[in-house]
Amino acid sequence: MVTIQYQTKVRIAAWLGVVLLTALITFGLEKITESKPHVAIEGDSQTNSLGTTDSTKDLDSIAVSSQLYQSSLVVSIYLSHQQKIARVPLESYIAGVVAAEMPVNFQLEALKAQAIAARTYIVRRIVNHDLSGIPMKGAQVTDTVVHQAYLTDQQLAKNWGQKNFQTNMKKINQAVNETRGVIITYANEPINATYFSTSNGFTENSEDYWGVYEPYLRSVASPWDRKISPSFNKTIEISITQFLLKLGLSNSKTTSKAIPASLSINVNSNVQISEGHRISSIKIAGKQFTGKEIRERLALASSAFTWQKKGNTMVIQTQGSGHGVGMSQWGANGMAQMGESAAKILQYYYKGIKLKSAQNLLTSYSKQ
């Protein structure tokens, strides 16, 4: 009887030990899973509070797998000030773009998002044999905002000073290296990864600005810009005479009187507003204009504008800076300040996208 009781106690103790060990292992795995950074790349996913998805494939694994092709791929850049072509390794080119396009004091995750967007832009041009806007044969891209701004090391050292150059480039290179070879895709193709400085609180649908529908370039709220961007509000003054001339309208008292004394971003018989809260179209003195046309002809910061007529002067106020389509750079920095990753930033501003290695695309291109 004593033996049976003893054996029973041993069995119970062993069973309790197994239960305890299983619980500890399960708890430990859960903690590991919680601490592992997940980004929306591919595979099984679930939606988070931003409306983006978390996946089990890590951004770092894509960046590492892309290193094989980097040593041989070069980008031919037309340097506008020197009027010559420079051939630069892809990742060095991306570093020069990030340094030119985004303030170096931005959060690292915002810089990483910028690096991926910049890389996607040039990879798309390369694989599509897109030579639009090229002034010299042999170049693939210019160093201006016609394509993407790019600065050489010499230019950056001059702008930052030699003392700050090494520190700043260390941060830029970290952003580039941690996203090495990663691009944004939609339906297995690199996207048109447009970006701009500052939103008016919303981004713009691609068709509302350029007239071309892209499923991943959808209007989203971007509330961070208003709080942190120094370019959110701008005001310019222009004479009514210049206002009319730049819009191709006759400089007459009749036409001048036909200009509304004030303009607000509200729909009426003369104004149509886009989903991104910008001027979509407007009728001035009987002539129809798009918001894009007004912005470009008057050199406004954005197509989210209002005005007041004061005597012979037009006082025009804008909100945001840039075309408004795609990723807001200041919005990206705001998200990064909240602790969001580069992948989540990109998923938020580009809808339905996946992050992938550019290796296969560029390998196929090199064999052509």
### Message
Any donor-acceptor pair under 3.5 Å linking the side-chain atoms of Gln155 with those of Tyr150?
### Response
no
### Query
Will you find, in the side chains of Gln308 and Lys310, an N or O donor that is under 3.5 Å from an N or O acceptor?
no
### Message
For the residue pair Gln114 / Glu101, report whether a side-chain donor-acceptor contact shorter than 3.5 Å exists.
### Response
no
### Query
Centroid-to-centroid, Tyr186 to Tyr216, below 6.0 Å?
yes
### No-hydrogen, no-angle side-chain donor-acceptor test under 3.5 Å, Gln107 and Asn333
no
### Donor-acceptor contact present, side-chain Ser302 to main-chain Gln319, <3.5 Å
yes
### Query
Quick one: CG on Asp143 to OG1 on Thr152, what's the gap to the nearest 0.5 Å?
8.5 Å
### Query
Can a salt bridge be assigned to the pair Arg218 and Glu207 using a cut-off of 4.0 Å between side-chain N and carboxylate O?
yes
### Query
Are Arg124 and Glu189 within salt-bridge range, i.e. N to O under 4.0 Å?
no
### Message
Could you check whether Tyr93 and Gln148, counting side-chain N and O atoms only, form a donor-acceptor pair closer than 3.5 Å?
### Response
yes
### Query
Any idea how Phe106 and Trp330 line up, ring-wise: parallel (<30°), tilted (30 to 60°), or perpendicular (>60°)?
perpendicular
#### Entry: Geometric class of the Trp307/Phe243 ring pair [parallel <30°, tilted 30-60°, perpendicular >60°]
perpendicular
### Task
Would you check if there is a donor-acceptor pair between the side chains of Thr255 and Ser250 at a distance under 3.5 Å?
yes
### Query
Quick one: are the ring centres of Trp224 and Tyr348 less than 6.0 Å apart?
yes
### Query
Are Ser199 and Asp225 linked by a side-chain donor-acceptor pair shorter than 3.5 Å?
yes
